[in-house]
Amino acid sequence: MNLKKLTMGAVAMATLLAAMPMSAWAEDLQMWERSGGNAGMVDALVAAWNEKNPDRKIVLTYIPHTEMVPKLAQSIASGEVPDLMGLDLIYGPQFEAAGQLEDITSYFADDASIKTASPGHMKVSTYDGKLYGVPLYADVSALFWNKDLFKKAGLDPEVPPKSLAEIHDFAKKITGVEEGAYGYYLAGNCAGCNIFTFGPLIWASGGTIEPADAAAEPLTGDAVPKVLEWARMMHKEGLINPANQAENGETFHLQFGSGKVGMMGTGNFNITLAREQNPNMNFGITLLPGLEAGQTASFAGGDIVTVPKGSKRVADAVDFMKFILSDEVQVEVYAKMLNMTTRGDMVDNKYYAEEPLIKDVAKAIDIGVTPYTLKFFELINSPQGPWLQMLQRVYYTDDPIDTIMADAKQQMKDIAAE
Amino acid sequence: MSIYSTRSNRLTGLLYLAPALAFVAAFTAWPLGQMLWVSLNSWSLITPPKFIGLNNFTKAFNDKQFWVSLGFTLKYTLLITPILMIGGYAIALLTVKNTPLRRFTRAVVFVPVVIGLGASSLLWYWLFSTDYGFVNRLLLDFGLIDKAVIWLGVDADRSNWAIIVSVVWKVLGFGMILFVAAIQAIPPEVSEAAMVDGASPWQRLTQVTLPLTLRTVLLVTLISVIGSLLAFDQFYIMTAGQPQNLTATSVFYVYLNSFPYLKLGYGAALSLILAVIILVFTIIQMLLTRRSHA
């Protein structure tokens, strides 16, 4: 082959290679999603969309969770933003306040599906009265109880506790009923686990935790010290395994399935997991209670899907949002995979009917709370933050509850004021 | 007149240096300058940076948690460094001769070095697990403890020692291999002369081997100290700074501020303070090396 032919061939190949992806990029929607979330669910949603929309497929890219913010900031600065972005819902307010997301309010003005979408997700997707995102998937917390241990302890296995006092009473009977069995579970070294499972006990009782802004007061309500006293009592009376003090979240999801925990606040993800771990264990699910019978709450976690500022495919991106909120996708994708539907009115479906436990936990969607703050991580989720520090002092020290709360309030206020 | 004094020779020299200079400028000087600039700003990355002068540095000096973290990091460094040095040197002395068994032993001790620190930390996290861990099982079976010990995240000193055990397992082989190389480089006639002169093994170690390998000892010390001052993975994975942030290292605190808290400016300021502290250690080591050379 002579040099001229070789050069022409190389030029032709380069042109072809350059042209092919450009045409593909021109039609495809680019979506980023954080890693470490519910990848299986997001993959299924994108696959369902791509099947129905072959002319405007979504190309999904997972970004490491910790790199999501810097990566997005860089993309905005360079003008190369994705068209859709799945975001841990706690970061929603931060990005909305910074003006980094597209306002999609007008697109949903006449859309009924949005009205029944998970309230927790919708709260963090709304800033200053404007809508910036919709739920992508939901994780909710609920109270799981081990019916086998209930039976061994002489309790009615079909009747879960309805208040914190009942949890205490039941836990007392369950603890020690067999070797290594404890009545209740609280993670001692995991801020996220505690906001997910202990936070609802405070919210259900009428208390608040984080300050929404610098002017707001954290940890309000008479219920807060009472719930904290309850948690201390549970530890002091030995109703919680002392080994839980080391739990930093790594083995949190394995605890209920061990069969050694009578009652535990955990998430919908634990249903399948507990069954895999302990196929013979009988368990039930109810809402996390408050101090009084009838008070219930849950943490609504998961991701929202948003459109970064600068996207040129806003209308297509909004179509995807409407698609995942549609009745069909709610049932045939979310419910079929035994994941939470992101709309409360879609809980009554054929798949959940066959799986009563899912239906039980799905009730939490309507009452799910998601903390609204621009500094969620620093205030709540950080292993060094005031939330975990406060709980550890409550659980494992004899410091007066008032002092502990006063310290935590001050730290939270300082963070909020920065 | 020196040949370097002519203009063309200087230019030629500069040309030879240019690639290295360009590399240092692009990958060291420029990022350092950028970091200095960032440290003078309040910047969350998703909002525009705001110049605040030295406020981040003032804040750092008044930040109790930063000093707690730095104090803990120094304590960890002071505890682990002698173990790594003495342990590494002792194993090097025991395995320095090239017999098959000693070569095998060296390989076994060195293998953990090639494992990532994150992976080894996760491995040890499970080994130290209260309920499922091998460590508690072993101690219980040998009757050394009556009930399972909570190794991580409850008591700061216990957590620290548990992590030190895991890191020693992980990096001991690195020092050992350098020490073996240094000891093997000593001319055999030097040791033989000492033996002929009637020197005991201890005298040969302290009067011959150690002085002749002092530069390597100082090098390994420096690497160990810098590595320990920059400790992050093992504490992030095994204790997450708990209990009560008493096992949070300096780099962990820098990471928290820079990324999860989105305080890039403050994180940069903390990094610079940490860099200065490490620089001080490096200068001390270089001075010691120079003295040993002299």
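Convention: sequence-line order gives letters A, B, ...; per-chain numbering from 1. None of the values given here were measured: they were computed from a predicted structure. Atom set for the values below is all heavy atoms of this structure, side chains included, hydrogens, waters and symmetry mates excluded.
Across B:Ile150, B:Asn257, B:Thr47, B:Leu122, the residue that shares the most heavy-atom pairs under 4.5 angstrom with chain A is B:Ile150. Comparing A:Gln384, A:Gln245, A:Gln389 by how many heavy-atom pairs each has under 4.5 Å with chain B, the most go to A:Gln384. With respect to chain A, the highest number of heavy-atom pairs below 4.5 Å among B:Thr239, B:Val149, B:Leu264, B:Leu256 belongs to B:Leu256. For the options B:Phe252, B:Tyr261, B:Trp126, B:Trp151, heavy-atom pairs under 4.5 Å to chain A are most numerous at B:Tyr261. Your options are A:Pro242, A:Pro383, A:Gly385, and the one with the most heavy-atom pairs under 4.5 Å with chain B is A:Pro383.
Between A:Asn194 and A:Ala187, the closest heavy-atom pair is ND2-O, 2.7 Å.
With a 4.5 Å cut-off on non-hydrogen atoms, A:Gln392 touches chain B through its backbone and its side chain both. There is no contact between B:Phe128 and chain A, counting heavy-atom distances below 4.5 Å. Contacts of A:Asn241 with chain B are made by side-chain atoms alone, with heavy-atom separations under 4.5 Å and no backbone atom involved.
Between A:Lys260 and A:Glu179 there is no salt bridge, since none of the side-chain N atoms of the basic residue sits less than 4.0 Å from a carboxylate O of the acidic one. Under 4.0 Å is where a charged nitrogen must lie from a carboxylate oxygen, and between B:Asp157 and B:Lys75 at least one such pair does.
A:Asn244 and A:Tyr182 share no donor-acceptor pair across their side chains, judged by distance under 3.5 Å alone.
The cationic atom of B:Lys263 (NZ for Lys, CZ for Arg) does not lie both less than 6.0 Å from the six-membered ring centre of B:Trp43 and within 45° of the ring axis.
Ring pair A:Tyr91/A:Phe376: centre-to-centre distance not below 6.0 Å.
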